There are 2 protein chains.
Amino acid sequence: MADDIRLWLRMLTATTMIEAELRRRLRAGFNTTLPRFDLLAALDRAPDGLTMAEVSARMMVTNGNVTGLAARLEAEGLIARRPDPQDRRAVRLRLTAAGKRAFAAQSAAHAQWVREIFSGLADGERAALHRLLGRTKDALRGTIQEEAA
Amino acid sequence: MADDIRLWLRMLTATTMIEAELRRRLRAGFNTTLPRFDLLAALDRAPDGLTMAEVSARMMVTNGNVTGLAARLEAEGLIARRPDPQDRRAVRLRLTAAGKRAFAAQSAAHAQWVREIFSGLADGERAALHRLLGRTKDALRGTIQEEAA
DNA sequence: TTGACATGCTTGAAGCTTAAAACATCTCCT
DNA sequence: AGGAGATGTTTTAAGCTTCAAGCATGTCAA
């Protein structure tokens, strides 16, 4: 089906539009960025902190990327870096108290923005979209995994 | 619904995974990038070329972004920049012969990749996803337009 | 135990991206 | 015609991102 291209472009456009809106609001409301927010979110879900490699896997970005991001967030006092007790190669990141406060505020606003953005869809539509995106991710595993092998 | 966050995260993840795969293949197969490909694609659809502003609107990026991208593509000989005959402020971009050839090859491969990526979904699923993403984009107009006003 | 390979992280170069400032040109109202 | 405001482009600074190279540490099998 040649329509696959149109499906993909529509998916990319919709996602890009929403992402751009969230970036705008994070900047306007909290003077921060989506990557910073995502890193704080990853740490917020991990009570014992995460190593750099764990963070980069969760964020789907390279290790080098996390190095710079973590350096900036540490400079802002939102996260702390400490050597991993189990593995002397690893650095473990965790939220500081200030980081927890900042993320709590950002996260609440973010959740509200997302609700607002999807409020134009009926419950059934949201559920169907959620299911189809899940199917898409599952189907992806076939196509993408093969490279790594 | 608090599930909206999960819907959004799933949408973002699925899109990011596909985008990453396409980037990988563009790099491996053609030593190029998605933004370059997108710019060529925009010009390919416009027989008389496009101004920088038109390109930046279609690509949903800032003007300054297009300035740099166009400079690199011009240096590679894939596009030409010439003053717009109607508006002396404007610069009009168009594909060179080499650019047309390069894009034709990239575009064919890209279309095949996208087909492959979505091949795990049934026809009905693809159609439903396409429709729901359209609904999402429509719903967005309400939420996002209001800022601009 | 020791060497080969894997894993964790950082660095540097290059490119992508934005926001904001600056400047040129255009439009349109009076 | 003049001038106010809109539009088109570039530049700069800062941040995001990748890839590849390099170094430190870990693992595991011979």
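In this text, all values refer to a predicted model and were calculated from it rather than measured experimentally. Note on naming: letters A, B, ... go to the chains in the order of the sequence lines (proteins, then strands), and numbering restarts at 1 for each one.
R89(B) contributes no side-chain N or O that forms a donor-acceptor pair with the base of dT9(D) under 3.5 Å. Checked by distance alone, R88(A) brings no side-chain donor or acceptor within 3.5 Å of a matching partner on the base of dT25(D).
Note: CG (L69(A)) to P (dT17(D)) measures 7 Å, nearest angstrom. Taking atom CD of residue E74(A) and atom P of nucleotide dC9(C), one finds them 14 Å apart after rounding to whole Å. As a whole-Å value, the separation of E76(A) CD from dA14(D) P is 14 Å. Atom CD in E54(B) sits about 12 Å away from atom C1' in dT7(D), given to the nearest Å. Computed from coordinates, the R72(B) CZ to dT17(C) C1' distance equals 10 Å when rounded to whole Å. Between R23(B) atom CZ and dG15(C) atom P there is a gap of 15 Å when expressed in whole angstrom units. Look at CG on L93(B): it is 11 Å from C1' on dT9(D), rounded to the nearest Å. Whole-Å rounding puts the N63(B) CG to dA21(C) C1' distance at 14 Å.
Among the nucleotides dG8(D), dT17(C), dT10(C), the one closest to any side-chain atom of A90(B) is dG8(D). Residue M52(A) has its side chain nearest to dT10(C) when only dT10(C), dT17(C), dT9(D) are considered.
For the pair T33(A) and F37(A), the minimum side-chain heavy-atom distance is 4.5 Å or more.
Applying the 4.0 Å criterion to OP1 and OP2 of dT11(D), one finds that T67(B) has every side-chain N and O outside that range.
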Audit row: E19(B), R24(B), side-chain contact (heavy atoms from CB on, under 4.5 Å) steps and yes/no: CA-CA 9 Å; E19(B) 205 178 341; R24(B) 248 190 304 278; over 6 Å; no

Worked check of side-chain contact (heavy atoms from CB on, under 4.5 Å) between M11(B) and I18(A): CA-CA 10 Å; M11(B) 183 171 172; I18(A) 294 173; 4.1 Å; yes

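Nearest-nucleotide mapping onto DNA chain D: of N65(A) and R81(B), the residue sitting toward the 5' end is R81(B). Both R36(A) and A53(B) lie near DNA chain D, and the one whose nearest nucleotide falls closer to the 5' end is A53(B).
The closest side-chain donor-acceptor pair between D84(A) and T51(A), if any, does not fall under 3.5 angstrom.
More than 12 heavy atoms of other shown residues, nucleotides or ligands fall within 6.0 angstrom of atom NZ in K137(B).
Among the atoms of the strands shown, none is found under 4.0 Å from any heavy atom of R92(B). The residue D87(A) sits close only to the backbone: its heavy atoms come under 4.0 Å of sugar-phosphate atoms, none of a base.
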